[in-house]
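Predicted model, so just to flag it, every value in this text is computed and none were measured. Just follow the structure's listing: the first ligand is 1, and inside any ligand the first atom is 1.
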Amino acid sequence: MIQFLDLKVINAQYQEEITASILNVLDSGWYIKGTSVSSFETNFANYCGTKHCIGVANGLDALILIFRALIIQGKFQDGDEVIVPANTYIASILALTENKLKPILVEPDPATFNLSLEGIRSKITSKTKAVLCVHLYGQLAEDVSGFCEEHNLLLIEDAAQAHGAKNKEGKKAGSFGIAAGFSFYPGKNLGALGDAGAVTTNDKSLAELIHQLGNYGSEKKYHNSLKGLNSRLDDMQAAILDVKLKYLEKEIIKRRDAAQYYQQHIQNPKINLPQWDPEVKDHVFHLYVIRCKERDQLQQYLNDKGIQTVIHYPIPPHKQEAFLEWNQLSFPLTEKIHDEVLSLPLSPVITKEEQNQIINALNEF
Ligand SMILES: *Cc1c(COP(=O)(O)O)cnc(C)c1O
């Protein structure tokens with residue numbers, strides 16, 4: 001079986017260094033808010049080109065904490081509208097509803113499936129306060145930072161799939177808006193060995209507030225000036241992430257090469273390939289997503305040939321049972337995307353032999 005993503009093989013590449021880093025934390029006797037966390041925060045901020053990084057427990061919390069902090073700073077009121085792509089992962093939406101903000105779902109760009117300026121313009125009202133853009137599949141969404149500034153909208157990024165994605169000026173995901181949320185879920189391009197996440201920002205007071213909110217709202221131990229939550233990155237995960245961060249650029253290149261290989265060799269009129277423009281931005285290919293009208297048959301066919309694929313995602317947020325109040329809404333493009341997409345195996349350790357097997361199967365479908 002060709003696995004969709006073989007995390008064991010990916011992490012085995014760094015086994016010695018990861019083991020040493022874990023033993024270091026073990027030996028230190030300090031497991032929360034220690035030096036491994038601050039070291040990783042510094043390194044990841046540098047990598048993203050931002051002044052600050054705050055480690056948190058996971059990607060959803062990163063986004064929840066950003067909006068919670070902005071509310072405390074008086075930038076939002078209950079019920080304010082935030083524009084968000086309709087075809088995102090549910091976490092982007094939950095970060096808003098958890099904070100009593102109103103998600104305004106927008107159809108994505110039909111070529112990239114990312115939020116576009118056109119989509120934002122079509123949904124702006126006097127209650128719109130912010131845009132939550134998602135760099136889906138690892139491709140930067142259209143840069144709307146200038147537009148948001150002009151229209152007095154806060155721009156927040158969900159960069160959970162886009163560590164290292166950049167434009168031709170070298171500006172990276174996580175540095176376009178007021179703040180960005182990252183996930184280090186094991187399957188992400190920079191993955192921990194458990195749950196982990198981070199916020200990046202250039203705003204010092206926002207960084208301090210998020211740090212405090214994620215640590216019970218306390219600045220000084222047992223003095224709680226805010227109603228916070230417990231959402232901390234732990235030192236073990238931080239130490240592991242610090243090792244893997246060193247190899248992220250190399251892994252991105254391998255992902256990109258593998259994506260290009262698919263792009264050049266998959267030839268089947270029934271299959272639509274992803275679109276990106278390497279002259280404009282560097283896609284990091286968290287996912288290589290094809291589309292096919294007979295998607296479910298294709299997935300079964302590949303499975304029978306020993307090729308594991310995944311659907312990202314089978315049900316759009318507005319059709320989820322958790323959002324019954326939206327179930328009647330219609331987003332035709334978003335619904336079509338969810339009916340047709342299929343993610344092929346793609347990772348820094350995928351081999352040419354595996355890719356050839358997948359390509360042959362696809363071309364014969
Ligand atoms: C993975 C992901 C998240 C959430 O990250 P967790 O660490 O699983 O909480 C948020 N947004 C997007 C787009 C994601 O892919």
Q) Would F182 and H163 count as a close aromatic pair, with their ring centres under 6.0 Å? A) yes
Q.
I'd like to know if the side chain of Q237 and the backbone of A196 have a donor-acceptor N/O pair within less than 3.5 Å.
A. no
Just list the N/O pairs, ligand 1 to protein, that are under 3.5 Å apart, with the distance for each.
| residue | atom | partner | partner atom | Å |
| --- | --- | --- | --- | --- |
| ligand 1 | 5 (O) | S183 | OG | 3.2 |
| ligand 1 | 7 (O) | G59 | N | 2.8 |
| ligand 1 | 7 (O) | S183 | OG | 2.6 |
| ligand 1 | 9 (O) | G59 | N | 3.2 |
| ligand 1 | 9 (O) | L60 | N | 2.9 |
| ligand 1 | 11 (N) | D158 | OD1 | 3.2 |
| ligand 1 | 11 (N) | D158 | OD2 | 2.7 |
| ligand 1 | 15 (O) | Q161 | NE2 | 2.8 |
| ligand 1 | 15 (O) | K188 | NZ | 3.0 |

Q | F285 vs Y262, ring-ring contact (aromatic ring centres under 6.0 Å, His included): CA-CA, chis, key distance, verdict | A | CA-CA 12 Å; F285 289 99; Y262 277 143; 9.5 Å; no
Q: Would you sort out whether K166 and D282 count as a salt bridge (Lys or Arg N to Asp or Glu O under 4.0 Å), showing the intermediate values?
A: CA-CA 5 Å; K166 57 181 190 286; D282 285 342; 3.6 Å; yes
(Q) Tell me whether the rings of F365 and Y301 are parallel (<30°), tilted (30 to 60°) or perpendicular (>60°). (A) tilted
Q: Tell me whether the guanidinium CZ or amine NZ of K171 lies under 6.0 angstrom from the six-membered ring centre of F176 and within 45° of its axis.
A: yes
